[in-house]
Amino acid sequence: MRYVSTRGVAPALDFREVTLAGLANDGGLYLPEVWPTLTRDAIAGLAGLSYVETAVRVMQPFVGEALSEDELRSLCAQAYGRFSHDAVTPLVQLDGQHWLLELFHGPTLAFKDVALQLLGLLFEKFLTGADRPLTVVGATSGDTGSAAIDALAGREHVEIFMLHPKGRVSDVQRRQMTTVLAPNVHNIAIEGSFDDAQALVKAMFNANAAGTAPFGHLRLSAVNSINWARLMAQVVYYFYAAVRLGAPDRAVAFSVPTGNFGDVFAGYVAARMGLPVARLIVATNVNDILHRALSSGDYSAKHVVATPTPSMDIQVSSNFERLLFDMGGREGAAMREQMAGFEASKAMRLTNAQREGAAALFSSTRVDLDDMALAMRWACERAGQVIDPHTAIGLSAARDADLDAPVVTLATAHPAKFRDAVERATGVRPTLPPRIGNLFEREERYETLPATLAEVAAYIANTAT
Ligand SMILES: *Cc1c(COP(=O)(O)O)cnc(C)c1O
């Protein structure tokens with residue numbers, strides 16, 4: 001399988017190369033050159049298979065020659081063996097039409113574990129024998145950092161530097177990162193905001209590309225959701241859930257609490273592969289750029305408003321470019337021009353082809369704080385399920401949709417990760433599950449640095465091996 005960039009200039013890569021590269025060097029994102037498909041019989045044949053076996057069948061066409069089927073199976077068994085539920089991503093029925101797909105049974109309690117646990121193992125596998133280790137640099141407002149650190153801790157040939165805004169992530173989130181004492185994990189508390197931390201990471205990648213940072217001896221990489229392998233790993237649970245609810249004979253709808261458009265794009269990939277998907281509901285909070293884009297073609301960034309769903313407090317959804325490219329006839333030059341316009345003015349219009357193409361499968365809903373709290377209360381009182389605020393955005397949108405099909409809401413975080421917001425809405429204070437263990441007794445380790453490129457770059461250059 002070959003991968004091409006949405007901006008049409010970067011070289012086509014194979015699966016191994018695309019996993020290690022992350023972003024394309026023309027600023028675009030990689031996609032498979034053609035969508036592989038599973039026949040109706042192949043989808044029917046997934047019934048009753050374990051999560052790991054489903055993962056092998058769904059991902060093998062994307063992996064191509066880069067791994068043998070047995071190697072892929074062994075990596076999946078290792079990654080998903082760390083989940084605390086036998087089903088890995090269990091379905092929970094709420095009423096006659098609604099289900100939750102619980103994606104939070106991984107080590108750090110957020111759905112990002114599903115993809116990052118596998119990505120950590122893929123990095124290690126693909127870097128065996130490489131001349132230099134991979135230095136992963138990222139910024140986090142909470143969930144991504146802890147999931148990436150857990151996935152990479154102790155892995156060979158790779159180390160990770162994670163920047164978080166000092167004093168602006170929750171205690172649980174900070175401790176999930178800073179109590180990981182593996183020598184290849186480096187936490188940096190930045191004296192600034194999340195935007196400062198993210199701007200520093202961007203500046204470091206730019207300086208590295210221009211040769212002006214002291215990183216000559218390092219091979220930098222990123223683990224955010226622009227990485228194709230992360231999206232691929234997320235396609236699996238759409239098949240796993242739909243088959244349990246009657247696919248391929250019955251079409252199933254999904255409601256997805258959306259930030260960077262990675263998770264819901266994986267649902268689109270499942271549909272392109274042949275899974276009968278009745279609808280994909282893009283559920284946003286009040287940071288509603290995707291809702292405006294899908295409902296009226298207006299993709300224009302506004303100021304980010306902080307909400308109880310921080311993982312969705314995003315104004316520019318990087319993965320949306322992948323959908324626009326696929327809907328717009330896969331024309332790299334046109335995409336380059338459209339995105340240059342957006343980067344200059346922070347606003348653009350979708351073309352008719354993009355709007356009509358997206359409308360065939362996607363709908364969208366903007367959910368405000370009141371409706372989010374109502375959904376948490378409904379789940380608790382009517383269905384006996386305590387859900388987190390992100391999941392509540394998805395459930396509220398799901399219950400608003402007028403559909404005949406069964407609707408699966410993706411439950412993206414464990415409610416204990418957002419205890420205060422859950423308690424405020426429902427009166428129930430969720431307890432941290434035992435696998436988090438003695439988080440509050442463990443030793444923490446992190447470096448505090450000012451938000452300046454010179455100091456952070458020097459620290460990384462001097463600490464990295
Ligand atoms: C990251 C995240 C999301 C958003 O997922 P995207 O792939 O960025 O759309 C939603 N909920 C939680 C809890 C998350 O951590």
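First listed ligand is number 1; within each ligand, the first listed atom is number 1.
Here atom 9 (O) of ligand 1 lies nearest to G259 when heavy atoms of A283, G259, S318 are compared. Ranked by closest heavy atom to atom 3 (C) of ligand 1, the top entry among F111, F261, F265, F320 is F111. Heavy-atom proximity to atom 10 (C) of ligand 1, evaluated over A115, P257, G262, is greatest for P257.
Here the side chains of T309 and F418 are not in contact, with every heavy-atom distance at 4.5 Å or above.
Ion pairing between R336 and D26 fails under the 4.0 Å rule for side-chain N and carboxylate O. A salt bridge links D288 and R366; the closest N-O separation between the charged side-chain nitrogens and carboxylate oxygens is under 4.0 Å. Between E33 and R2, no side-chain nitrogen of the basic residue sits less than 4.0 Å from a carboxylate oxygen of the acidic one, so the salt-bridge criterion is not met. Of the charged side-chain nitrogens involved, at least one lies within less than 4.0 Å of a carboxylate oxygen, so that D143 and K417 count as a salt-bridged pair.
For atom 12 (C) of ligand 1, the nearest protein heavy atom (residue, atom name, distance) is T412 OG1, 3.4 Å. Looking at atom 15 (O) of ligand 1, its nearest protein heavy atom turns out to be K112 NZ, 2.4 Å. The shortest contact between atom 8 (O) of ligand 1 and any protein heavy atom is with N260 N, 2.7 Å. Ranking protein heavy atoms by distance to atom 7 (O) of ligand 1, first place goes to D263 N, 2.9 Å.
For F362 and F261, the distance between ring centers is under 6.0 angstrom.
Within the 4.0 Å heavy-atom criterion, both parts of T258, backbone and side chain, lie near ligand 1.
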